[in-house]
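Here's the structure we're looking at; comments come further down.
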Amino acid sequence: MKGDPKNLGFSTRAIHAGQSPDPTTGSVSVPIYQTSTYVQEELGQHKGFEYARVQNPTRSALEENVASLEGGLSGHAFASGMAAISTLMTLVKAGEHVVCSQNVYGGTYRYFSQILENYDLAFSWVDSTDLDAIRDAMQENTRIVYIETPTNPMMEVTDIAVAASIAHERGALLAVDNTFLSPYFQRPLELGADVVVHSTTKFLNGHSDSIGGVLVAARAAESDWFAFVQKSAGGILSPFDSFLVLRGLKTLAIRMERHEAHGRAVADFLDHHDKVQRVLYPGLPSHPGHELQKSQAAGFGALITFDLGSYAAAKGFLDNLRVMSLAESLGGVETLISHPASMTHASVPAEDRQRLGMTDGVVRVSVGLEDLADLIGDLTAALAAA
Ligand SMILES: Cc1ncc(COP(=O)(O)O)c(C=O)c1O
């Protein structure tokens, strides 16, 4: 398309933002600029590209695209979701403090508690669905309030707008990991958050063939800092992975619609099954975060956590699936199913897992885009073995 897609709809921006036809050839698809450096015309004169750790046109196209979809000022792409999160945390200096949702992705918990705490950063782990708990945890030196909503894997929903105002009253930033819903369903910056985090490995890329991460900043102060850390620490996303994520983003809207339709149907099926003790899915009216999520997001997504009551039942079920893939990760076209206690959240101490309700019978499914009848058939057969 011609011109800036800024005021156009979500799908139009997903397909066009940051992706003007290549100036040399008119290529519709942004090329993979597989280069480490750029020849300068003469000393002191170049085309805005000096060295590919700092600038790469394929990465820039992706960064501009995600920034447009999240409604942010800028995007910054990294080699993984964790590399994005570690860049975010360079905003926090030794002696400062972070308030964090008690239930976050296990790798985030591991990074904060086993690495950053060694560098004199302090963390308060709170039930962020309880806004008073966030308020009470704030300190003079709190720099960031960090939340996931819904959380991985317990599907707890936090009020983003109120969390942002609590953070701002105390001079802190609100960072939201938006990996589970994607900007198609939820845009935290519009609700007052300051930074959005994504593991692009998940729904944004959507095809389980790339690891990556993005930070989207609302303001220049954070945006400039993230660009400086990209250049200085160097944990950037490769041109090929940038291309893959850009390609995935073009179909984000229709993928998310189908993921959600399947997610709702699977949640409903599980909710009515005798062997399933509880289902955590914000799309179910019985979920405590249902109304809140309806008010702050346009959908409920495709992540469902459910409890089969024991490790033996979970193992019997998982070992007998045929269509669904027993694997870490989520957000791919294929249904990915996992056992958080022994897989994604094994780094969370057993007593904390117990306190959060992440017991040994708990299973998390990321519902994919296979035929719904095959997914329900697979669940029916495997639950018979649970
Ligand atoms: C919610 C969430 N945030 C961040 C990450 C980390 O992303 P990556 O695996 O791309 O480093 C994950 C990975 O599972 C995740 O589920």
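Here the structure is a predicted model, which means the values were calculated and not measured. Whatever order the structure lists ligands and atoms in, that order sets their numbers, starting from 1.
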Please list the nearest protein heavy atom to atom 8 (P) of ligand 1 with its residue and the distance rounded to 0.1 Å.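 Of the protein heavy atoms, G81 N, 3.4 Å lies nearest.
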
Could you find the nearest protein heavy atom to atom 6 (C) of ligand 1 and give me its residue, atom name and distance?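 Protein heavy atom at minimum distance: Y105 CE2, 3.5 Å.
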
Please could you name the atoms of ligand 1 that [X] approaches to less than 4.0 Å, counting only its heavy atoms?
X: D177; value: 1 (C), 2 (C), 3 (N), 4 (C)
X: G212; value: 10 (O)
X: N152; value: 16 (O)
X: S80; value: 10 (O), 11 (O)

Measure centre to centre between the rings of [X] and [Y], then say whether the value is under 6.0 Å.
X: F123; Y: Y146; value: no
X: H198; Y: F203; value: no
X: F317; Y: F306; value: yes

My understanding is that only one of E50, K47, K231 makes a side-chain hydrogen bond (donor to acceptor under 3.5 Å, both in side chains) with Q55; could you say which?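 Of all the options given, the one that passes is E50.
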
Nearest 0.5 Å please: distance from the CD atom of Q277 over to the OG1 atom of T359.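 With rounding to 0.5 Å, CD (Q277) is 8.5 Å from OG1 (T359).
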
Check the orientation of F240 and F243. Use parallel for under 30°, tilted for 30 to 60°, and perpendicular for over 60°.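 Aromatic pair F240/F243 classed parallel.
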
Is it the case that ligand 1 has an N or O less than 3.5 angstrom from some N or O of S199?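 The answer is yes, given that S199 and ligand 1 share an N or O pair closer than 3.5 Å.
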
Does any N/O atom on F180 come nearer than 3.5 Å to any N/O atom on ligand 1?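 In fact, backbone or side chain, F180 has no N or O that close.
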
Looking at ligand 1, does K202 have a heavy atom less than 4.0 Å from it?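 The answer is yes, since K202 has a heavy atom less than 4.0 Å from ligand 1.
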
Report yes or no: does A84 have a heavy atom closer than 4.0 Å to ligand 1?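 No.
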
I'd like to know if the side chain of H339 and the backbone of V363 have a donor-acceptor N/O pair within less than 3.5 Å.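 Flag not set: sc H339 to bb V363 has no pair under 3.5 Å.
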
